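Have a look at the structure below, then the notes.
To find a chain, count down the sequence lines: A is the first, B the second, and so on, and within it residues start at 1. The model shown is predicted, which means the values in this text are computed figures rather than measured ones.
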Number of protein chains: 2
Amino acid sequence: MARPGGIPEPENPKRGTYHHGDLKRALTAAALQLVQEKGPKGFTLREVARRAGVSAAAPYRHFADKAQLLAAVATQGFVQLHETLAAAADTTMTDLSAQVLAMGRTYVRWAVSHPDYYQVMFGSEFDKTQSPEVVVAGERAFGDLLDTIVRCQRSGLLPAGDPREMAGPIWSLLHGVSMLTIGSDLVNVGIREDPEALIERSLRNLLL
Amino acid sequence: MARPGGIPEPENPKRGTYHHGDLKRALTAAALQLVQEKGPKGFTLREVARRAGVSAAAPYRHFADKAQLLAAVATQGFVQLHETLAAAADTTMTDLSAQVLAMGRTYVRWAVSHPDYYQVMFGSEFDKTQSPEVVVAGERAFGDLLDTIVRCQRSGLLPAGDPREMAGPIWSLLHGVSMLTIGSDLVNVGIREDPEALIERSLRNLLL
DNA sequence: ACCTGAACACCGTTCAAGT
DNA sequence: ACCTGAACACCGTTCAAGT
């Protein structure tokens with residue numbers, strides 16, 4: 001099947017291999033795999049290029065530098081977190097009072113089961129000022145929490161007002177438990193409680 | 001003044017310069033300065049050696065590798081945090097009910113005003129399993145929080161029981177607010193509340 | 001005992017040159 | 001338009017050799 005125009009179909013990879021195709025996607029895929037395999041520390045641009053089967057210089061046609069590739073990974077992480085949270089919000093429609101708790105448990109569960117992802121998303125190996133796409137993806141995930149809060153407010157289960165006022169403490173708690181769990185800091189200090197149980201208990205207290 | 005023995009006084013640097021003296025301390029000092037100057041990312045072992053006026057290989061007589069030097073920095077951070085928290089616990093002896101709040105505000109204030117320090121302490125650029133000294137220093141800082149909780153429990157201001165049960169949620173909250181503030185994540189999502197105010201508000205809710 | 005010099009393998013990044 | 005090869009400056013780490 002010959003194609004009419006001279007445009008090389010940037011969105012539609014016909015060939016199985018990507019050597020001529022979307023190397024960009026291949027690079028982010030390899031980057032993802034590498035992060036999950038070796039952690040954010042062992043992440044190297046040259047190794048990513050190697051896995052994609054291209055030269056060390058090739059990635060620079062698609063990403064300004066190493067930080068931008070890591071930012072792409074972080075963005076994917078936020079997208080995945082968002083999808084997970086959105087799915088959880090749908091599931092628990094029955095018992096509204098448990099929605100925030102379910103959201104919290106889901107958030108922490110995702111974080112602790114994707115520790116390298118999570119560390120890239122919130123680590124300091126790239127400058128968020130230089131990668132607004134990451135911030136946008138992050139806002140989308142945060143929006144799931146806001147939505148849940150608004151829904152509870154409308155049902156009178158939470159006091160009315162700017163949902164951000166509730167979201168600040170809640171997100172901080174979720175992030176703190178996630179990070180301290182991933183770093184084994186809670187265990188190191190003698191706290192062996194399961195993170196999901198800890199979150200549930202904490203949220204109950206926080207929400208009065 | 002001649003010294004009698006042949007032992008070169010490892011603890012007692014007589015000379016003003018440390019070129020023959022305790023290079024170890026000089027290295028951690030330079031490391032500290034470098035972290036505060038360039039952040040945890042720009043931290044390089046060779047640059048530390050340069051600032052200490054020694055060759056690139058010299059640090060290896062005192063630290064197994066780069067990670068161990070960063071661990072030393074983290075340890076110093078925990079010591080400083082501990083001192084700050086302990087001082088705060090002394091100051092606020094008058095109003096006992098405010099002690100946990102004061103502790104929380106002090107913790108967050110220290111964290112956000114020493115962001116690079118804090119990121120080294122909780123970042124993933126060294127393996128805590130390989131540096132038990134860091135864990136010990138961390139436990140000491142955590143102990144300040146435990147002490148405050150116990151004091152409040154003895155005054156009937158908090159329910160009795162294992163103080164760790166309270167400390168888990170509280171520490172998670174403090175850590176979450178600190179990290180999200182340092183990373184500008186709260187601001188990026190439209191939350192512009194001052195971190196100390198946010199902590200105070202959150203702790204009040206959490207403590208019933 | 002502690003430090004230097006030189007070396008090794010590796011990185012991020014750039015750039016002329018190929019197709 | 002996209003990729004390669006070779007190069008540059010820099011790293012972490014090792015090791016024989018100096019004092």
Q) Excluding sequence neighbours, so at least two apart, what forms ring pair (Phe, Tyr, Trp, His ring centres under 6.0 Å) with B/His114? A) B/Trp110
Q) Can you tell me how far C1' of C/dC2 sits from CG of B/Leu27, to the nearest Å? A) 12 Å
Q | Pairwise side-chain contact, B/Arg151 with B/Arg154, heavy-atom cut-off 4.5 Å (strictly under) | A | no
Q) How long is the line joining CG of A/Asp22 and P of D/dC2, in whole Å? A) 12 Å
Q: Rounded to the nearest angstrom, tell me the gap between atom NZ in A/Lys24 and atom P in D/dC3.
A: 12 Å
Q. If a stem is a run of at least 3 consecutive Watson-Crick or G-U pairs, both distances under 3.5 Å, which stems include DNA chain C?
A. C:4-8 with D:12-16, C:12-16 with D:4-8
Q.
Within the structure provided, determine whether A/Val73 and A/Thr28 are in side-chain contact (heavy-atom separation under 4.5 Å).
A. no
Q: Check the distance between C/dG12's C1' and A/Arg50's CZ and give it to me in whole angstrom.
A: 12 Å
Q) Whole-Å distance between C/dG12 P and A/Leu34 CG? A) 10 Å
Tabulate below the donor-acceptor pairs under 3.5 Å that side-chain atoms of residues 171-182 of chain A make, not counting sequence neighbours, or state none.
from     : atom 1 : to       : atom 2 : distance (Å)
A/Trp171 : NE1    : A/Tyr107 : OH     : 3.1
A/Ser172 : OG     : A/Gly168 : O      : 2.9
A/His175 : ND1    : A/Tyr118 : OH     : 2.7
A/Ser178 : OG     : A/Leu174 : O      : 2.7
A/Thr181 : OG1    : A/Val177 : O      : 2.6

Q) So do B/Leu207 and B/Ile170 actually touch side chain to side chain, heavy atoms under 4.5 Å? A) yes
Q: Look at B/Glu193 together with B/Arg201 and state whether they make a salt bridge at an N to O cut-off of under 4.0 Å.
A: yes
Q) B/Leu23 CG to C/dA1 C1': how many Å, rounded? A) 13 Å
Q) How would nucleotides 13-19 of chain D be written as a contact map, 5' to 3', with B for base contact, S for sugar-phosphate-only contact and - for no contact, using protein heavy atoms under 4.0 Å? A) BBB----
Q: May I ask you to evaluate whether B/Thr44 reaches the phosphate of D/dC10, defined as a side-chain N or O under 4.0 Å from OP1 or OP2?
A: no
Q: Have a look at A/Ser55 and say if it touches a base, only the backbone sugar-phosphate, or nothing, with a 4.0 Å heavy-atom cut-off.
A: base
Q | For B/Asn188, all residues meeting side-chain hydrogen bond (donor to acceptor under 3.5 Å, both in side chains), sequence neighbours excluded | A | none
Q.
With side chain to side chain donor-acceptor pair (under 3.5 Å) as the rule and sequence neighbours excluded, what pairs involving residues 53-76 of chain A come up?
A. A/Thr75-A/Glu133
**Q.** Sub-4.5 Å side-chain heavy-atom contact between B/Phe43 and B/Leu69
**A.** yes
Q.
What is the distance, to the nearest angstrom, from the NZ atom on A/Lys41 to the C1' atom on C/dG12?
A. 16 Å
